[in-house]
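Heads up: the structure comes next, in structure tokens.
Labels below follow one simple rule: chain letters A, B, ... track the order of the sequence lines, proteins then strands, and each chain is numbered from 1.
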Number of protein chains: 2
Amino acid sequence: MATGRTHRPATRSRGIPEATVARLPLYLRALTALSERSVPTVSSEELAAAAGVNSAKLRKDFSYLGSYGTRGVGYDVEYLVYQISRELGLTQDWPVVIVGIGNLGAALANYGGFASRGFRVAALIDADPAMAGKPVAGIPVQHTDDLEKIIQDNGVSIGVIATPAGAAQQVCDRLVAAGVTSILNFAPTVLSVPDGVDVRKVDLSIELQILAFHEQRKAGEEAMEALPDGLPAAAAAKGSADQGPDGDVPAVMPA
Amino acid sequence: MATGRTHRPATRSRGIPEATVARLPLYLRALTALSERSVPTVSSEELAAAAGVNSAKLRKDFSYLGSYGTRGVGYDVEYLVYQISRELGLTQDWPVVIVGIGNLGAALANYGGFASRGFRVAALIDADPAMAGKPVAGIPVQHTDDLEKIIQDNGVSIGVIATPAGAAQQVCDRLVAAGVTSILNFAPTVLSVPDGVDVRKVDLSIELQILAFHEQRKAGEEAMEALPDGLPAAAAAKGSADQGPDGDVPAVMPA
DNA sequence: GAATGTGAACGGCTTCACAGCC
DNA sequence: GGCTGTGAAGCCGTTCACATTC
């Protein structure tokens with residue numbers, strides 16, 4: 001298979017479902033912990049528990065990567081760590097810029113998990129001239145004016161936007177124009193980007209609102225339990241909630 | 001899933017899909033912006049564009065809430081704002097505690113969008129005695145020892161965990177024991193909670209890893225385009241990426 | 001015997017397309 | 001004519017259950 005007709009035959013067997021991709025980092029984290037404890041192999045059952053998913057899902061996920069397990073035994077921890085890292089593209093170094101060094105931007109710059117897995121904070125950028133030159137997390141903040149040069153000089157393809165909502169789209173446009181093709185957006189706005197650019201968003205207030213919805217629903221149920229009538233649904237009914245032992249996935253939005 | 005009885009007959013017509021719930025805050029934000037500009041009505045097309053989804057999805061979503069639109073006209077902005085707010089439980093006040101006042105916790109405490117919609121930071125809690133009493137975002141930090149009392153005195157049902165990974169589960173257990181039933185987790189760990197407790201997680205490094213995966217895939221495609229052979233798939237092929245004009249949803253995990 | 005890998009069934013969400021209403 | 005509301009179709013992801021392999 002060579003030609004690029006209908007889809008992408010691509011390098012390997014290709015076509016890992018997005019939902020699976022979103023769980024790979026979870027598996028990787030659990031595997032890394034096992035690796036540090038020098039555990040040689042895990043069963044799908046054990047690993048699934050550690051990652052907070054069910055074992056059938058995990059096995060299905062891994063089956064998209066290939067047959068990396070041994071029947072009757074389980075998975076080799078080190079080998080899987082390597083395979084998943086490779087699949088996620090973490091065997092290479094990804095320079096990242098953070099734009100908007102307010103409270104959040106500074107927190108992100110200081111975030112250890114950042115550097116840990118193939119990501120490197122290549123630059124911090126802020127629009128406030130007073131910030132310029134000041135070191136945050138040991139990295140001097142640079143002014144927005146130099147954004148394009150910074151992106152190009154460092155070969156940055158992943159940008160993090162931590163600016164106020166009002167500035168986000170403009171920053172996004174400049175990042176994209178300068179060559180960034182993946183954006184992690186913390187600003188509470190919908191970003192428009194051309195085809196081929198991925199945007200993922202992290203939105204605190206949306207998360208809280210979703211929790212509030214469920215919280216309200218729970219309160220409603222308790223109120224119903226207080227009403228004693230026909231069928232008793234009380235007590236055990238409390239559980240339900242919603243979920244599914246998964247670890248779903250946020251968004252990838254296009255233009 | 002659904003653990004309870006068959007389902008919940010519940011207060012109203014009930015049964016709003018989780019995917020829809022996750023988008024309501026998006027619609028609400030877009031509507032609020034329109035409201036501030038005193039726009040009286042919107043069509044599904046316009047609102048969908050502002051929220052970054054497609055109009056069919058938006059109409060379907062709204063149909064779960066009821067028939068709030070007018071055919072041939074559109075939706076009344078103010079009315080929709082109210083209905084969605086009510087549905088999300090934002091017409092009431094939700095006291096929230098933030099545990100772990102490091103860089104991230106402080107950023108969250110300072111985050112304006114927090115207070116804006118029905119959420120109120122009732123308390124900041126940290127394990128470091130040196131932090132106790134210090135004001136962050138105008139709120140004095142309290143020590144972890146008093147966690148239970150703080151939760152109960154303030155009637156808190158939503159907790160935000162911004163501690164290091166190692167402390168998260170322990171904090172979570174204490175929050176839950178004290179009566180918290182919704183948790184927003186920023187620590188990079190899988191939390192175990194009893195049935196009836198909702199957990200949503202925000203994980204920076206997972207988001208980056210997902211972006212890296214797609215980024216790598218793009219690089220692979222470019223390499224293939226470089227190989228000139230039979231059928232030209234180059235140029236326009238760049239687009240594709242993945243997505244769907246949505247705004248998907250993170251996770252809700254159970255025990 | 002033990003645990004993986006996977007076809008098949010299932011369920012939920014999205015998209016389509018159009019009937020119904022202003 | 002314009003736009004909402006929604007059945008029906010299609011797609012994707014999850015779960016089941018078992019054949020396969022060690």
*Side-chain N,O (B:Asn54) to OP1/OP2 (C:dT14) below 4.0 Å*: no
If I take atom [atom1] in residue [X] and atom [atom2] in nucleotide [N], what distance separates them, rounded to the nearest angstrom?
X	N	atom1	atom2	value
B:Leu24	C:dC13	CG	P	13 Å
B:Leu47	D:dC3	CG	P	14 Å
A:Arg23	D:dT15	CZ	C1'	12 Å
A:Leu58	D:dC16	CG	P	15 Å
B:Glu18	D:dG13	CD	C1'	16 Å
A:Lys57	C:dG11	NZ	P	16 Å

*Please report the C-alpha distance between B:Arg29 and A:Ser205 in whole Å, then the side-chain angles of each, then the deciding distance to 0.1 Å, and finally whether the side chain to side chain donor-acceptor pair (under 3.5 Å) criterion is met.*
CA-CA 10 Å; B:Arg29 177 175 293 156; A:Ser205 92; 3.2 Å; yes
_Given B:Val199, B:Val96, B:Asp198, the one that forms side chain to side chain contact (heavy atoms under 4.5 Å, CB included) with A:Leu211_ = B:Asp198
*Among side-chain atoms of B:Thr181 and A:Glu215, is any donor-acceptor pair under 3.5 angstrom?*
yes
*List the steps and the verdict of side chain to side chain contact (heavy atoms under 4.5 Å, CB included) for B:Val202 and A:Leu204.*
CA-CA 8 Å; B:Val202 172; A:Leu204 173 56; over 6 Å; no
*asked:* Are B:Gln169 and B:Leu191 packed together at the side-chain level, in the sense that at least one heavy-atom pair is separated by less than 4.5 angstrom?
replied: yes
_Ring center gap for B:Tyr68 and B:Tyr79 short of 6.0 angstrom_ = yes
Detail all sub-3.5 Å separations between protein N/O atoms and N/O atoms belonging to nucleotides 4-6 of chain C.
from, atom 1, to, atom 2, distance (Å)
C:dT4, OP1, A:Ser44, N, 2.4
C:dT4, OP1, A:Ser44, OG, 3.4
C:dT4, OP2, A:Ser44, OG, 2.6
C:dT4, O2, A:Arg71, NH1, 2.9
C:dG5, OP1, A:Tyr68, N, 3.4
C:dG5, OP1, A:Gly69, N, 2.9
C:dG5, OP2, A:Tyr75, OH, 2.8
C:dG5, O4', A:Arg71, NH2, 3.1
C:dG5, N7, A:Arg59, NE, 3.0
C:dG5, O6, A:Arg59, NH2, 3.3

